[in-house]
Amino acid sequence: MLSSMASQKRLFTGLQPSGQLHIGNYFGALLPTVEMFRQNQGLIMIADYHALTTVKDASTLRENIISVAKDYLAAGINLDNAIIFKQSDVSEHTELAWILECLVTVPFLMQAHAYKDKVAKGLEANAGLFNYPMLMAADILLYDTDIVPVGQDQRQHVEYAREAATKFNAAYDETFKEPAEQIQKQVAVVPGTDGQKMSKSYKNTIPLFGAKDEISKAVMSIVTGTGGETPINVHAIHLLVRGALTNNFSDKKDGEEFSQLYSQNKNNYKLLKEALIEDLEKLIAPMRVKRDAITDEEVKKVLVDGARKAKALASAKMADVRKKIGVTL
Ligand code: ADP
Ligand code: TRP
């Protein structure tokens with residue numbers, strides 16, 4: 001169970017189960033989360049009901065849920081500090097979302113960047129997508145969360161959660177803590193094989209848990225540009241990978257060796273790409289072995305256990321909320 005020591009800050013984060021992770025997700029989200037949960041306690045939620053705003057195929061959703069849970073476990077999340085669960089297992093989330101929706105206005109929700117961006121990209125403007133920020137506010141507020149580690153794109157959603165807490169506390173009584181976002185240190189955006197931001201929507205990814213030949217093929221296709229002696233996209237990715245392998249170059253020698261690799265092999269793109277493939281393999285192989293050994297049954301067990309613990313916290317909070325709003329007679 002989570003510690004309730006006053007000095008401990010409680011973390012809460014979530015990830016939508018929306019497909020195979022790439023190394024941009026690893027350096028931008030998964031690795032920072034694993035690191036934060038080494039020192040702090042909290043909850044990691046697989047946002048399957050949020051994913052329902054876009055994923056409409058049952059077997060895809062089922063596979064993605066299992067897959068993202070395996071990714072967290074293989075990346076080394078510390079289960080002594082983290083409760084991992086899926087949103088749909090704790091019905092208090094959708095229940096509280098409704099109550100919060102009754103406190104905010106349509107124009108307020110219409111200002112959400114994520115909603116506007118998704119609709120601008122042609123996604124269906126379903127009501128779930130519109131109410132998305134209040135379900136996310138419920139996720140966060142149910143657990144007296146102090147800190148929400150997220151990427152820059154989620155900053156406004158955490159502001160919405162704070163606003164929902166303030167509105168509830170003002171309308172009824174002091175009930176919810178106001179959470180603070182912690183924007184992951186900007187691991188410079190990881191470039192994809194075409195030099196744009198690596199993203200599953202651009203089909204320019206290096207899969208995190210792909211087979212070695214899949215990864216090699218992706219690396220070999222990285223655009224190197226013309227004219228420069230150093231292939232900047234290869235170098236940017238390599239710096240992160242070598243950094244992860246050497247504990248962020250904690251030994252000066254590692255840093256020198258890496259600089260020399262690039263200074264002594266100017267224009268030799270093939271050799272540098274092969275060196276990157278080798279380092280990626282060193283980083284990923286142990287995680288891949290660990291991931292392959294995790295069975296679906298084990299994942300389900302972790303999630304059932306997580307749901308039980310999350311439910312205990314959420315139902316206590318909801319009992320208080322129900323009393324405050326006047327539905328407990
Ligand atoms: P995608 O762009 O592939 O759809 P998501 O939007 O699902 O990725 O992002 C999930 C998490 O991974 C977010 O926290 C996001 O900030 C991080 N992330 C995604 N792509 C990158 C990237 N290229 N570089 C750094 N972080 C990234
Ligand atoms: N909206 C987040 C994303 O797309 C996922 C998410 C859902 C979340 N609920 C959350 C993140 C609560 C942090 C806290 O990345």
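Whatever order the structure lists them in is the order used to number ligands and atoms, beginning at 1.
Ranking protein heavy atoms by distance to atom 13 (C) of ligand 2, first place goes to Gly14 N, 3.4 Å. If you check which protein heavy atom lies closest to atom 7 (C) of ligand 2, you get His50 ND1, 3.3 Å. Here the protein heavy atom with the shortest distance to atom 12 (C) of ligand 2 is Phe12 CE2, 3.6 Å.
The closest approach between Met45 and ligand 2 falls below 4.0 Å for a heavy atom of the residue.
Glu178 and Thr166 form a side-chain donor-acceptor contact under 3.5 Å, judged by distance and modelled atom types alone. Between the side chains of Asn267 and Glu229, not a single donor N or O lies within less than 3.5 Å of an accepting N or O. Side-chain contact check for Lys273 and Ser216: no donor-acceptor pair (N or O, by modelled atom type) lies under 3.5 Å.
Taking a cut-off of under 4.0 Å to the non-hydrogen atoms of Val148, the atoms of ligand 2 that pass are 13 (C), 14 (C). Taking every non-hydrogen atom of Ala29 and a distance limit under 4.0 Å, the qualifying atoms of ligand 1 come out as 11 (C), 12 (O), 14 (O). Less than 4.0 angstrom separates some heavy atom of Met198 from each of these atoms of ligand 1: 20 (N), 21 (C), 22 (C), 23 (N).
The side chain of His22, and not its backbone, has at least one atom closer than 4.0 Å to an atom of ligand 1 (non-hydrogen atoms only; side chain from C-beta on). Residue contacts with ligand 2 for Leu135 are absent, since no atom lies close enough (heavy atoms, distance under 4.0 Å).
A salt bridge is absent between Lys212 and Glu281: the closest approach of a Lys/Arg side-chain nitrogen to an acidic carboxylate oxygen does not fall below 4.0 angstrom.
Checked against the 6.0 Å centroid criterion, the rings of His22 and Tyr202 do not qualify as a close aromatic pair.
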